[in-house]
Amino acid sequence: MNKLVLVTVGFNYPIFLSFLHYVCSWLIMAILNALSILSLSTPSKSTKYSSLLSLGIVMSLSTGLANVSLKYNSVGFYQMAKIAVTPAIVLAEFVLFRKKISFLKVLALTVVSVGVAVATVTDLQFHFFGACIAVAWIVPSAVNKILWSNLQQQENWTALALMWKTTPITLFFLVMLMPYLDPPGVLSFKWDFYNSTIIGASAVLGFLLQWSGALALGATSATTHVVLGQFKTCVILLGGFLIFGSNPGPISILGAITALVGMSLYTYLNLQPSSSKQSPSKSKLGKENADGSHADESV
C-alpha cells in the first residue's frame, strides 16, 4: 500500500507519509481509550524517560527511512535489505544484553536469509541513494525491535500503552527529518477524494501493522519478529503463484520454500525449551488480549 501511495498516487513525501500514519495511530488510540474499548494504562513499574525517548527516536528513524527506501527501491530490494536486520539484531542483543543463540538457530536463520534472498532476487532495481538509505535503516530498525521487545517483556508495558507513550516523541522527530529527506511542496499535492482515500487507507493499515508488530514483539522476541516478516514475504510470493497465477519463476519459488523450511526449523527450536515450562494460558499475547496486561514470563 505504501508503494502504491509513493509511486502510483505520486505522493512523493515518505517522511510526511510516516507522520500521517502516526497521527492516525494516535487518533485511533485516543478514540479506543475514550470509548473504554481498550485501556492505555501504563505499568505500575516506572520506566526511565530516556528509554522511552530512545525508542521514540529509533521509531521515527526506522519508519521514516523504511518509507524513503521503499520510495527509491523496488519491493524486492526493500525485502532484501530486511535480511540484514536479522544478523544486526543478533549482534546488538549480544553486545547490549550478552544474549547468545545456539548454532542450530544460527543455521536456521541462515537458511531463512538465503531463501528470502533467492526468492526476491528477480525483483531487484538498484538505486544508489535508495541503497544508502536501506543500509542506514538497518541499525535503527534492529534497535527499535530490541527496545520494543525489552520494554514489553521486562517492564510489563502493553503494546497500545507503549505506542501511546512514544507516538508524540516519534511525531516530533519525524517533523525534524522532513526538511532533510522530503522534497518541498507537500501542501500543493492534489488532495482529491481518491488520493486522500488511498493515503488514509495506508494510515489505517499502518496502525494495524504497528499494533500487531508490537503484540508480536511483546509475545516473542526481536529476532522472531524479523523471521515473521520474512514469512510474510514468502506467503505473498507463494500466494500470488498459487491463487492468482503469477509466475515469479522456479528459482524464486524454490527460494521461498527453502526460507519456509528454515522458518519451520527456527520455530521448532524456539518451542523446545518453553513447551514444558509454560502453559498456553500464560502466553503474553493471550494475556494482553484478555485484560490489557502482560505476564512476566517470556515466550
Shared hydrophobic cluster, V23 / L174 (ILVMFWY, side-chain heavy atoms < 4.5 Å): yes

Side-chain donor or acceptor of E93 paired with backbone N/O of K100 under 3.5 Å: no

Using the rule that Ile, Leu, Val, Met, Phe, Trp and Tyr join whenever any side-chain heavy atoms are under 4.5 Å apart, tell me whether L53 and V58 fall into a single cluster. yes

Calculate, to the nearest 0.5 Å, the distance between atoms CG and CD1 belonging to L4 and I198 respectively. 5.5 Å

Within the 3.5 Å criterion, strictly below it, is a donor on W191 or N195 matched to an acceptor on the partner's side chain? no

For the side chain of S60 and the backbone of I57, is there at least one donor-acceptor N/O pair under 3.5 Å apart? yes

Any L65 side-chain heavy atom under 4.5 Å of L181 side chain: yes

Rounding to 0.5 Å, atoms OG1 (T110) and NZ (K105) come to a distance of 14.0 Å

Starting at CD of Q210, measure out to CE of M29 and round the result to the nearest 0.5 Å. 6.5 Å

Identify, with sequence neighbours excluded, every residue that meets side-chain hydrogen bond (donor to acceptor under 3.5 Å, both in side chains) alongside S202. H21

What about F129 and Y13, same hydrophobic cluster or not, with Ile/Leu/Val/Met/Phe/Trp/Tyr joined at side-chain heavy-atom distances under 4.5 Å? yes

Taking all non-hydrogen atoms of both residues into account, name the closest pair between Y22 and T167 and its distance. O-CG2, 3.6 Å

Considering non-hydrogen atoms only, spot the tightest contact between G56 and T170 and give its length. O-OG1, 3.3 Å

Hey, could you give me the CE/OG1 distance between M59 and T166, rounded to the nearest 0.5 Å? 4.0 Å

With a 4.5 Å cut-off on side-chain heavy-atom distances among I, L, V, M, F, W and Y, is there a chain of contacts connecting L70 to F16? yes

side-chain hydrogen bond (donor to acceptor under 3.5 Å, both in side chains) partners for N2, two or more places apart: N67

What I'd like to find out is whether the side chain of N12 reaches to under 4.5 Å of the side chain of K71, using heavy atoms alone. yes

Begin with the C-alpha distance, continue with both residues' side-chain angles, and end with the deciding distance and a verdict on side-chain contact (heavy atoms from CB on, under 4.5 Å) for V143 and L55. CA-CA 8 Å; V143 174; L55 181 55; over 6 Å; no

Side chain to side chain, N150 and W157, heavy atoms closer than 4.5 Å: no

Is any side-chain heavy atom of L177 less than 4.5 Å from a side-chain heavy atom of L61? yes

Centroid separation W26 to F207 less than 6.0 Å: no

Donor-acceptor check, side chain of S149 to backbone of G218, threshold 3.5 angstrom: yes or no? no

For the student: nearest non-hydrogen atoms of G10 and F189, plus distance: O-CE1, 3.7 Å

Which atom of P14 lies closest to which atom of L6, heavy atoms considered: CA-CD2, 3.9 Å

List the residues meeting side-chain hydrogen bond (donor to acceptor under 3.5 Å, both in side chains) with S141, not counting sequence neighbours, and say none if there are none. none

Between T258 and V111, what is the shortest heavy-atom contact and its length? O-CG1, 3.4 Å

Contact list for residues 187-203, test salt bridge (Lys or Arg N to Asp or Glu O under 4.0 Å), sequence neighbours left out: K190-D192

Taking N144 for its side chain and S62 for its backbone only, find out whether a donor-acceptor pair lies under 3.5 Å. no

Do any N or O atoms from the side chain of W148 and from the backbone of L217 form a donor-acceptor pair under 3.5 angstrom? no

S69: which residues meet the side-chain hydrogen bond (donor to acceptor under 3.5 Å, both in side chains) condition with it, sequence neighbours left out? N73

Min side-chain heavy-atom separation Y266-L104 under 4.5 Å: no

Once rounded to the nearest 0.5 Å, what's the spacing between atom CG of L147 and atom CD of Q154? 12.0 Å

Rounded distance [0.5 Å steps], CG in L107 versus CG in L265: 6.5 Å

Are W164 and I37 connected in a single hydrophobic cluster, I mean Ile/Leu/Val/Met/Phe/Trp/Tyr linked by side-chain heavy atoms less than 4.5 Å apart? yes

Any side-chain heavy atom of V5 within less than 4.5 Å of one from L17? yes

Donor-acceptor under 3.5 Å (S51 side chain, T47 main chain): no

Search all heavy atoms of M163 against all heavy atoms of A214 and return the closest pair with its distance. SD-CB, 4.4 Å

Mind checking whether T63 and F19 have side chains closer than 4.5 Å, heavy atoms only? no

Among residues two or more places apart or on two chains, list those pairs meeting salt bridge (Lys or Arg N to Asp or Glu O under 4.0 Å) that have a residue in residues 205-218. none

